[in-house]
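Throughout, a chain's letter reflects where its sequence line sits, starting with A, and its residues are numbered from 1.
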Amino acid sequence: MQGLNPEQQAAVTHLGSPLLVLAGAGSGKTRVITQKIAWMIRKGVHSADQIAAITFTNKAAREMRERASQLLTKEEAKGLTVSTFHTLGLNIIKREAKRLGYKNNFSILDAQDSAAILKELAHKEDVEEAENLRWIISRWKNDFISVEQATLQANTTDEKLAAILYEKYQRQIKAYNAVDFDDLIVLPVRLFEQHPDALQFWQNKLRYLLIDEYQDTNACQYRFIRLLSGIRGALTAVGDDDQSIYAWRGARPENIAQLQKDYPMLKVVKLEQNYRSTARILQSANKLIGNNPHLFEKNLWSTLGEGDPIRIMPCRNPEHEAEKVVSEILKARFRDRAAFKDFAILYRGNHQSRLFEKLLRENNITYKISGGTSFFERAEVKDILAYLRLIANPDDDAAFLRIINTPKREIGTSTLEKLGEYAHERHTSLFNAAQELGFAQRISAKATQRIETFCFWLHELIRAADSADPTKIVQQVITDIGYDDWMKNTCNTPKQAEARMKNVWEIVDWVRKLHDDGAGKETLSDIIAHMSLVDMLERNSEEKEQDAVSLMTLHGAKGLEFPSVFLIGMEEELLPHANSVDEHSIQEERRLAYVGITRAQKNLTISYAKTRSRYGEASIVEPSRFLDELPPEHLEWEDKKVITPEQRQETARAYVSNLQALLGD
DNA sequence: CAATAAGGTATTTTT
DNA sequence: TACCTTATTG
């Protein structure tokens with residue numbers, strides 16, 4: 001409890017009714033959550049195994065677990081649940097898989113898998129565009145709308161089509177004995193609603209819930225929380241409506257208001273003291289977000305001093321913008337001996353990073369770029385995981401299709417089409433169908449031979465997986481399929497092949513690590529399930545320590561902070577984005593800008609280009625309307641700044657002496 | 001089956 | 001403009 005301000009203390013010690021903590025940016029929300037966990041355990045209110053802290057990201061979960069365990073002895077922290085919604089959901093489903101109609105070796109389909117399945121199904125229905133249908137279906141699932149309800153309420157042609165596909169999709173993946181990411185929340189809710197004893201079991205086990213980033217919960221997650229916390233409402237929800245930037249993905253910031261309706265006893269605590277930024281940055285952020293309607297008024301303040309004004313950097317074009325930002329970083333490096341890791345370049349869309357990457361490379365500035373394809377989206381990782389998934393769950397047709405001809409086994413599309421037909425007729429999985437005599441009769445002797453070899457091999461592995469160490473199984477898969485050679489043959493450069501194989505061996509390491517961890521991760525199936533939900537951030541911790549400039553989208557920057565932030569591309573059509581200018585969306589765009597501004601601790605530079613080529617055509621663009629919403633007295637326009645000869649000389653002096661010092665090091 | 005050409009399409013994406 | 005996906009062809 002040391003070092004907590006009065007509001008934080010109130011949040012930590014409040015019990016007896018549900019608590020909503022409105023935690024402004026940089027107000028110490030993680031601190032409140034971890035301290036509250038520790039406090040409850042120390043006071044004997046609940047033991048660690050009765051408390052669950054729920055986050056959205058693995059990263060947040062990791063950080064929270066670390067910080068909570070620092071406050072407690074190992075013994076006290078034993079059994080504490082700190083996990084993402086999805087991991088908690090998985091654990092609940094695992095325990096009750098049978099009742100939900102799944103075998104306990106069920107697979108988890110990632111976003112790409114479900115997209116591929118849906119696309120295939122859409123194709124059969126003679127539908128070309130499956131992408132928006134996927135959105136509709138996912139939104140339904142996030143809203144806990146069943147197939148039946150969706151079918152009834154579908155109005156537009158798109159919705160009616162989506163409802164048909166929704167039904168087919170669910171039937172399909174059920175046949176695969178697979179669930180998708182959305183199901184990891186949907187199924188526990190369904191379980192709780194249909195089986196009171198299951199609900200009671202979990203309510204009894206998890207007596208107190210702490211929810212992080214509460215504004216990002218969707219309707220289904222809200223239902224989940226409400227069921228689990230029960231009428232007791234033993235929960236603390238921590239969130240910030242001003243940082244709700246995922247509405248487009250189904251998040252319901254209005255869940256904050258809903259909490260008050262559902263729990264009249266709700267206690268609300270506001271955290272307004274910011275421990276991150278200087279006053280001018282905060283006042284600017286406050287002014288900007290003040291243009292959004294608010295349920296609860298909030299005014300961030302800090303004692304970190306007034307600080308420097310926010311620099312506004314108008315640029316001729318994007319190239320000019322990148323040059324200026326990079327030269328500013330270099331200048332600060334030499335003049336103030338700043339570390340590269342103190343800088344972040346934030347943008348609205350991923351494509352904006354390209355120019356900056358190029359320039360940073362040219363200037364030998366180390367940088368790290370987050371976003372883009374994650375470890376799990378890499379083809380080589382997906383391949384190996386598909387093999388493992390198939391071994392654990394031979395009904396997983398998605399996995400079967402992915403790897404049946406990777407590496408090439410000379411099993412072509414026509415063979416697979418016939419296999420698909422046959423499996424459909426016999427109502428069985430592809431792998432099962434492949435082994436049936438009836439199928440063998442339909443294809444050539446050569447094809448039969450190839451299929452047989454594959455099935456025989458896989459059977460051996462399935463058998464081995466029963467008893468052998470999972471790590472061994474993975475290694476065997478990789479060597480048996482000759483993945484190394486396949487990589488060498490299919491990659492453009494040997495270097496690329498090497499990099500990919502490195503990823504492959506990381507999977508092995510990781511399986512070993514999860515297996516050694518124990519705790520319900522004994523079987524291959526358990527391990528794979530966890531693997532598809534956990535990220536790989538910790539895999540190269542040395543990379544994390546690197547002194548590198550951070551490049552990321554505004555979405556990716558939430559929760560982070562940097563001494564110096566460059567918010568680039570502050571233009572109409574970009575931020576706010578051209579597709580998000582209606583009454584409602586513009587508010588989320590404003591929150592996005594707010595998130596960007598509040599990442600900065602000391603220095604904030606906002607840049608925009610006056611011309612930008614859009615889709616190949618050069619066009620003049622307008623500065624963002626959000627610039628007009630910032631307090632002019634805290635802004636310093638680069639193009640209007642007058643530098644005196646004395647200042648210039650001073651800068652040069654500092655520059656030279658630091659350069660000498662750097663070279664001397 | 002692989003290489004090539006043409007075409008279509010460009011926000012954000014915690015799991 | 002630059003990318004990725006799809007269709008075609010040998």
>> Test side-chain hydrogen bond (donor to acceptor under 3.5 Å, both in side chains) on A/E571 and A/S624; report intermediate values, then the result.
In response: CA-CA 4 Å; A/E571 296 149 31; A/S624 170; over 6 Å; no
Report which part of the nucleic acid [X] touches: base, sugar-phosphate, or nothing (heavy-atom distance under 4.0 Å, all strands).
X: A/D183; result: nothing
X: A/D182; result: nothing
X: A/T553; result: sugar-phosphate
X: A/T55; result: nothing

>> I need the single residue from A/I403, A/D113, A/L524 that forms a side chain to side chain contact (heavy atoms under 4.5 Å, CB included) with A/R389. Which is it?
In response: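 Going through the options one by one, the only one that passes is A/D113.
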> Do A/Y246 and A/H555 make the cut of ring centroids closer than 6.0 angstrom?
Replying inline: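 Yes.
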>> With a 6.0 Å cut-off on the ring centroids, do A/F343 and A/F562 count as close?
In response: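 No.
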Proximal nucleotide (of [options]) relative to the [X] side chain:
X: A/K408; options: B/dC1, B/dT15, B/dT13; result: B/dC1
X: A/Y615; options: B/dT12, B/dC1, B/dA10; result: B/dA10
X: A/H86; options: B/dT12, B/dT15, C/dC3; result: B/dT15

What is the distance from [atom1] of [X] to [atom2] of [N], rounded to the nearest Å?
X: A/D113; N: B/dT15; atom1: CG; atom2: P; answer: 16 Å
X: A/R591; N: B/dT12; atom1: CZ; atom2: C1'; answer: 13 Å
X: A/N350; N: B/dT13; atom1: CG; atom2: C1'; answer: 9 Å
X: A/Y246; N: B/dT13; atom1: OH; atom2: P; answer: 6 Å
X: A/H555; N: B/dT15; atom1: NE2; atom2: C1'; answer: 15 Å
X: A/E589; N: B/dT11; atom1: CD; atom2: P; answer: 12 Å
X: A/R450; N: B/dC1; atom1: CZ; atom2: C1'; answer: 12 Å
X: A/L346; N: B/dT12; atom1: CG; atom2: P; answer: 15 Å

> Heavy-atom count around A/E410 CD within 6.0 Å, excluding the residue itself: above 12?
Replying inline: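 Counting other residues, nucleotides and ligands, CD of A/E410 stays at 12 neighbours or fewer.
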>> Please determine whether a side-chain nitrogen or oxygen atom of A/H577 lies at a distance below 4.0 Å from atom OP1 or OP2 of B/dT11.
In response: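 For B/dT11, OP1/OP2 do have a side-chain N/O of A/H577 under 4.0 Å.
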> Reckon A/K119 has a side-chain N or O less than 4.0 Å from the OP1 or OP2 of C/dT6?
Replying inline: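 Yes, because at least one side-chain N or O of A/K119 sits under 4.0 Å from OP1 or OP2 of C/dT6.
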> Do A/F85 and the base of B/dT15 stack face to face, with centres under 5.5 Å apart and an angle between planes under 30°?
Replying inline: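 Stacking between A/F85 and B/dT15: absent.
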> C1' atom, B/dT13 versus C/dA2: distance in rounded Å?
Replying inline: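 The answer is 22 Å between these two C1' atoms.
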> How far does the C1' atom of B/dT11 sit from the matching atom of C/dT6, given to the nearest Å?
Replying inline: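 Here B/dT11 and C/dT6 have their C1' atoms 24 Å from each other.
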>> Using 30° and 60° as the class boundaries, would you call the ring planes of A/F224 and A/F192 parallel, tilted or perpendicular?
In response: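 Aromatic pair A/F224/A/F192 classed parallel.
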>> Return the pairing partner of B/dT11 with a 3.5 Å limit on both distances, Watson-Crick or G-U wobble; otherwise return none.
In response: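 Because no pair has both required distances under 3.5 Å, B/dT11 counts as unpaired.
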>> Pick the closest DNA chain B nucleotide for A/G349 and for A/F56 by heavy atoms, then say which residue is nearer the 5' end.
In response: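 Nearest nucleotide further toward 5': that of A/G349.
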